Protein chains: 2
Amino acid sequence: MRIGELSRKSGVSIRMLRFYEAHGLLTPSRTASGYRDYGPDEEEAVIRITLLRAAGMTVPVIRDFLPCALEARGAFEPCDALRMTVRRQIGRVDDRIDSLKRSRAALEAILVQLTLPETRAPAS
Amino acid sequence: MRIGELSRKSGVSIRMLRFYEAHGLLTPSRTASGYRDYGPDEEEAVIRITLLRAAGMTVPVIRDFLPCALEARGAFEPCDALRMTVRRQIGRVDDRIDSLKRSRAALEAILVQLTLPETRAPAS
DNA sequence: ATAGACCGTGACAGCGCTGTCAGGGTCAAG
DNA sequence: CTTGACCCTGACAGCGCTGTCACGGTCTAT
């Protein structure tokens, strides 16, 4: 499949598919005329990349991470380090969720304050 | 209080305090020699700004928002619009939290997959 | 063979900050 | 009166993408 089709399927822009490739996340084969040719493997990889990115992982980190995530056998040592990376990332995600929850609460408080301004000067 | 002290107190860098001012979020008075002079009001404002920013609001949005948040009386119409803004922002925060929860789950799944690669080839 | 959709590369711009540096005043203490 | 900490402005750089443009080749169908 060519880049346009994959883009439509995955929801990832053509620009970003090329960007991923430039950073070593994807390595599609090429047709005789130089067009990128993506297979089912690349399609799955894009899905994973999207997930990892939604979790806040940067492209360079995913680059180290992806080969291990795609096939877990044969790369014991790196995967050890990558398990750590993933655990740390989970921690960061948790922190971020907490932070957002606190922000949410703050926004709610502000909303109440905007809606009931009288409470500020009850008996003047 | 001068900028360095406020920076230390608030945890916001000097750079950002000046940046906020440049964008109309803060308007400290100046000493005769041109130094910024922050009062308790500005100090509180910085706290609010930090909260709103943690909720994902951009500086321009906060700029419209802050006067209303600081004193709710005398600006009925804008506050109406701003209530909407806050509600929408709460929605965005909720979406983001959901997205992060999904990402978290995906990371957990990957972690399991990294930890138990045998499940891939149970009986070869 | 020619239009129009699609692909290639490379480079530049913009987002919303955030740091840092340059060049130059201000102030309190010794 | 000098030192060192602090402040001023303005400008440039970098983060990690993401869009867009320019210029040119490829493919499909008529």
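Fair warning: this is a prediction, and the values are worked out from it, not measured in the lab. Quick note on labels: first sequence line is chain A, next is B, and so on, each numbered from 1.
- Within the 3.5 Å criterion, the main-chain N or O of A:G39 finds a donor-acceptor partner in the side chain of A:E42.
- With a heavy-atom cut-off of 4.0 Å to chain A, the contacted part of DNA chain D has its first and last nucleotide at D:dC17 to D:dC27.
- A continuous path of ILVMFWY side-chain contacts below 4.5 Å connects B:L100 to B:L111, so both sit in one hydrophobic cluster.
- Residue-to-nucleotide proximity on DNA chain C shows that, of A:R36 and B:P60, the 5′-proximal contact is made by A:R36.
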Can you list, pair by pair, the side-chain donor-acceptor contacts under 3.5 Å of residues 50-63 of chain B, counting residues two or more places apart and other chains?
{"from": "B:T50", "atom 1": "OG1", "to": "B:V46", "atom 2": "O", "distance (Å)": "2.8"}
{"from": "B:R53", "atom 1": "NE", "to": "B:Y20", "atom 2": "OH", "distance (Å)": "3.0"}

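- Of the possible donor and acceptor atoms, none in the side chain of B:S7 sits under 3.5 Å from a partner among the backbone N and O of B:I3.
- Taken together through direct or relayed side-chain contacts under 4.5 Å among Ile, Leu, Val, Met, Phe, Trp and Tyr, A:I47 and A:L17 form parts of separate hydrophobic clusters.
- Across residues 7-24 of chain B, B:S13, B:R15, B:M16, B:F19 each have a non-hydrogen atom less than 4.0 Å from an atom of DNA chain C (numbered order).
- Between B:G4 and A:T58, it is B:G4 whose nearest contact on DNA chain D lies nearer the 5' terminus.
- Pairs of residues two or more places apart, or lying in two chains, that qualify as ring pair (Phe, Tyr, Trp, His ring centres under 6.0 Å) and include a residue from residues 23-62 of chain A are A:F19-A:H23.
- With sequence neighbours excluded, the residues satisfying salt bridge (charged side-chain N to carboxylate O under 4.0 Å, His left out) with B:D94 are A:R104.
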Give the B/S/- string for nucleotides 24-30 of chain C, one per nucleotide from 5' to 3', where a protein heavy atom under 4.0 Å of the base yields B, of only the sugar-phosphate yields S, and otherwise -. -BBS---

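- In this structure, the side chains of A:L26 and A:I49 come closer than 4.5 Å at one or more pairs of heavy atoms.
- Distance alone, capped at 3.5 Å, places no donor-acceptor pair between the B:D37 side chain and the B:R30 backbone.
- A distance-only check finds a donor-acceptor pair linking the side chain of B:S103 to the backbone of B:S99 [under 3.5 Å].
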